[in-house]
Amino acid sequence: MGAETLLKNGEARVQLDPKVPLILGLQPAALIDHVARVDGSLFDQIPGERGGSIPVAMEELEHILSELKRHVLASADDSSPMKTMAGGSVANTIRGLSSGFGVNCGMIGAYGDDEQGQLFACNMNTSGVNVSRLRKKKGPTAQCVCLVDAFGNRTMRPCLATAVKVQGDELTKGDFSGSKWLVMRFGAFNLEVIQAAIRIAKQQGVSVSLDLASFEMVRNFRVPLQQLLESGDIDLCFANEDEATELLRWAVVTLGSNGCIAKLGKEIVQVPAIGEAKAVDATGAGDLFASGFLYGLVKGLSLEECCKVGSCSGGSVIRSLGGEVTPENWQWMYKQMQRKGLSLPDIRN
């Protein structure tokens, strides 16, 4: 038994209407990432400890951005030591599916009427993502400064509190109609919109994929998360905690440099990470793993093959800064897939 057992007579492989996204991503609030490789002295000037993610006010975010230029580390293999791009776990996954695998994808969410909001919509649209389901609202777009040290470790300072986002009562059947998969990331503060999206998606026959986000999120909001997982409405779960495999028939647990373990019913497979990948920045590794796995799923590949594609795509994004894969690293990924005898995308950059 493999991943193809989730398909109904090959239905998920066929896009009946080319205007309707095969896979949708729900990210309630658009997010812009400012990613830079910096020296250690900058961490002495910002609030909180090194590592992890601590919310900051807009004034503090602007202060960090103003200090970046004096602390950026030059890199011989990266012409852009600072990058600004559409961010967020779901956006990373959907952009990867579209630009690297040629899968017809769309985004549901909201962005502000500011420069950052326009950048988010433009970045996703340029990557081939259908942005017609994104709502433009009056107010600021969320931003996050992602600081990467010389060892590839990340420190994130997001500014989210005042950002615009889509609400559950704004979602419509038309947002989901005709699509096959909905990709989401668990967030306690977005629980209302997540629940609304799941309810409508199921009414429209759309399968639901949920990423468990982080150890902290799982630990601090275990009860509402368990209720979601035990509802029977989650078809696929990407996790970094082993508990998920006990709650679901179908789960994928990523293990960082040790690869991943995937479970479908009684079938369990373990696949190693791509050993040749050099980690410059781990941002987006799990998100792009999901891109590759979902590509394999809609192509009807086996469970093991889905994991191998995910391992290849996850390895591609850590070779440069940020959660967006460069054209050169997409080519690197295609070579890895070819070596493993995996199905290559019809559209390759």
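For the single chain, residues carry numbers from 1 onward in sequence order.
Residues Leu61 and Phe43 fall within the same hydrophobic cluster, defined by Ile, Leu, Val, Met, Phe, Trp and Tyr side chains chained together at heavy-atom separations under 4.5 Å. Clustering ILVMFWY residues whenever any of their side-chain heavy atoms sit less than 4.5 angstrom apart, transitively, puts Met58 in the very cluster that holds Leu65. Linking Ile, Leu, Val, Met, Phe, Trp and Tyr whenever their side-chain heavy atoms come within less than 4.5 Å leaves Leu31 and Val193 in two separate clusters. Both Leu171 and Ile194 are part of a single hydrophobic cluster, where members link through side-chain heavy atoms under 4.5 Å apart. Put simply, Leu22 and Met107 are part of the same group of oily side chains (I, L, V, M, F, W, Y) that touch within less than 4.5 Å, one to the next.
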Walk me through whether Arg319 and Val325 qualify under side chain to side chain contact (heavy atoms under 4.5 Å, CB included). CA-CA 8 Å; Arg319 295 167 59 83; Val325 181; over 6 Å; no
Show your working on side-chain hydrogen bond (donor to acceptor under 3.5 Å, both in side chains) between Asn329 and Thr326 and close with a plain yes or no. CA-CA 5 Å; Asn329 287 329; Thr326 65; 3.1 Å; yes
As a quick check of understanding, evaluate side chain to side chain contact (heavy atoms under 4.5 Å, CB included) for Arg157 and Glu60, giving each step before the final call. CA-CA 9 Å; Arg157 294 295 181 264; Glu60 185 59 41; over 6 Å; no
Worked verdict on Asn190 versus Arg185 for side-chain hydrogen bond (donor to acceptor under 3.5 Å, both in side chains): CA-CA 9 Å; Asn190 292 321; Arg185 182 176 174 87; over 6 Å; no
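Between Leu210 and the options Val183, Leu225, Leu182, a side-chain contact (heavy atoms from CB on, under 4.5 Å) holds for only Leu225.
Side chains of Val131 and Leu134 form a contact here, defined as non-hydrogen atoms less than 4.5 Å apart. In this structure the side chain of Gln27 never reaches within 4.5 angstrom of the side chain of Tyr111, judged on heavy atoms. Proximity of Val20 to Ser177: side-chain heavy atoms (C-beta onward) are nowhere separated by under 4.5 Å.
With salt bridges taken as basic N to acidic carboxylate O contacts below 4.0 Å, none links Lys136 and Asp114. Note on Asp175 versus Arg135: salt bridge recorded, some NZ/NE/NH1/NH2 to OD/OE distance being below 4.0 Å. Ion pairing between Lys137 and Glu170 holds under the 4.0 Å rule for side-chain N and carboxylate O.
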